[in-house]
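Below: one structure, written as structure tokens.
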Amino acid sequence: MKRFCNFALALVLLASSGAMLAQDKAPAPPATVSAALDAELSKLEKGLLGIANEMPEDKYNFKPTAGKFDTVMDFAGQVNHVAGGFNFYASAIMGTKPPEEPKDLKTKSQIIQNLKDSIANAHKALATINDQNMFTPVPPPFGKNPTNRLALGIAMVSHLYDHYGQMVEYLRGAGHVPPGSK
């Protein structure tokens, strides 16, 4: 009986180590251009929502003061600007009119919900990019330079990472540590 128990224990350990190895296996890379863009957007989404949630509501009006910051947006303005950016890029990718930017956002929860809604819109837009249309010209949302859906998808994520960096600095300036640094 003791021999059987040892054998059974060895089998359990062997099976569990195989399961642990399978869990450590890296996920497969994205298989489509829209999946690759969406994966990057998901990383940005996690960071932005983490920072927006971390900033206390009473500091949503915070903006840096050391240096030339007299004309910059406060933290709430940064979050709303990012939300507007997502909607602007997403609309250009989909060939639709951007939604009206809400003017009456007063509370942290309203501002965060607006950000979440705009990120959902961005995910929706990126899902429309495929091998057949990614290089199709679309009207440029900024200026007059020709562009396409792929370029807009890349620009949406990369440009809004700039604002993520600014929001990190605002959060630190207000005396808080960004979730990604904890």
Side-chain angles (χ1 to χ4, degrees), residues 30 33-65 69-129 133-134 138-143 145 147-182:
V33 67
S34 65
L37 290 168
D38 197 66
E40 288 304 310
L41 175 59
S42 292
K43 291 175 195 172
L44 177 58
E45 173 182 8
K46 181 180 177 188
L48 288 169
L49 290 174
I51 290 172
N53 281 308
E54 186 73 23
M55 182 67 90
E57 184 161 14
D58 66 337
K59 293 194 178 172
Y60 257 59
N61 65 348
F62 174 84
K63 63 181 177 179
T65 56
F69 290 99
D70 51 325
T71 60
V72 299
M73 295 176 268
D74 62 12
F75 186 81
Q78 283 281 348
V79 177
N80 289 330
H81 180 73
V82 167
F86 278 128
N87 284 328
F88 201 70
Y89 280 108
S91 295
I93 291 168
M94 295 186 292
T96 60
K97 184 180 178 196
E100 289 284 324
E101 289 192 29
K103 305 269 189 260
D104 58 345
L105 302 176
K106 303 272 189 251
T107 67
K108 175 180 173 176
S109 64
Q110 291 171 327
I111 293 167
I112 290 175
Q113 186 59 54
N114 183 49
L115 178 60
K116 286 178 179 180
D117 293 345
S118 72
I119 292 170
N121 196 29
H123 281 292
K124 180 180 167 186
L126 293 181
T128 69
I129 301 173
N133 71 11
M134 67 179 159
V138 294
F142 309 105
N145 295 330
T147 193
N148 58 53
R149 286 177 178 84
L150 178 59
L152 289 173
I154 292 169
M156 174 171 51
V157 175
S158 63
H159 174 70
L160 295 176
Y161 260 118
D162 288 344
H163 291 285
Y164 167 81
Q166 292 172 24
M167 290 168 61
V168 164
E169 291 305 311
Y170 278 46
L171 189 63
R172 286 189 182 281
H176 299 275
V177 177
S181 295
K182 290 182 178 180

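The model shown is predicted, which means the values in this text are computed figures rather than measured ones.
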Specify the closest pair of heavy atoms between [X] and [Y], including all atoms of both residues, with the distance to one decimal.
X: A83; Y: N114; result: CB-ND2, 3.5 Å
X: A122; Y: M156; result: CB-SD, 3.6 Å
X: M55; Y: K108; result: O-NZ, 2.8 Å
X: Y164; Y: I51; result: CE1-CD1, 3.2 Å

**Asked** Would you call the rings of Y170 and F62 parallel, tilted or perpendicular if under 30° counts as parallel and over 60° as perpendicular?
**Response**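 Answer is perpendicular, since the angle exceeds 60°.
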
**Request:** Fit a plane to each ring of Y60 and F75, take the angle between them on a 0 to 90° scale, and name the class: parallel (under 30°), tilted (30 to 60°) or perpendicular (over 60°).
**Result:**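 Perpendicular.
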
**Item:** With sequence neighbours excluded, residues passing ring-ring contact (aromatic ring centres under 6.0 Å, His included) with H176
**Value:**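 Scan of H176 (ring-ring contact (aromatic ring centres under 6.0 Å, His included), adjacent residues dropped) gives none.
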
**Message:** Applying ring-ring contact (aromatic ring centres under 6.0 Å, His included), can you list everything that pairs with H123, at least two apart in sequence or on another chain?
**Reply:**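 Listed in chain order: nothing, the list is empty.
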
**Prompt:** Partners of F88 by side chain to side chain contact (heavy atoms under 4.5 Å, CB included), sequence neighbours excluded?
**Reply:**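 Expected list: P98, P141, F142.
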
**Message:** Tell me every residue that passes side chain to side chain contact (heavy atoms under 4.5 Å, CB included) with A35, counting only those two or more places apart in sequence or in another chain.
**Reply:**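 Side chain to side chain contact (heavy atoms under 4.5 Å, CB included) check on A35 returns P30, T32.
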
**Prompt:** Do any pairs count as a side-chain hydrogen bond (donor to acceptor under 3.5 Å, both in side chains) and have a residue in residues 46-55, sequence neighbours left out, and if so which ones?
**Reply:**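 The answer is E54-K182.
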
**Message:** Once salt bridge (Lys or Arg N to Asp or Glu O under 4.0 Å) is applied, what residue pairs with a partner in residues 95-105 remain, sequence neighbours excluded?
**Reply:**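 Sorted pair list comes back empty.
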
**Prompt:** Going by atom types alone, do N87 and N121 pair a side-chain donor with an acceptor below 3.5 Å?
**Reply:**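 Present: a donor and an acceptor within the cut-off.
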
**Message:** Is a donor from one side chain sitting under 3.5 angstrom from an acceptor on the other, for D117 and Q113?
**Reply:**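 Yes - a donor-acceptor pair under 3.5 Å links their side chains.
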
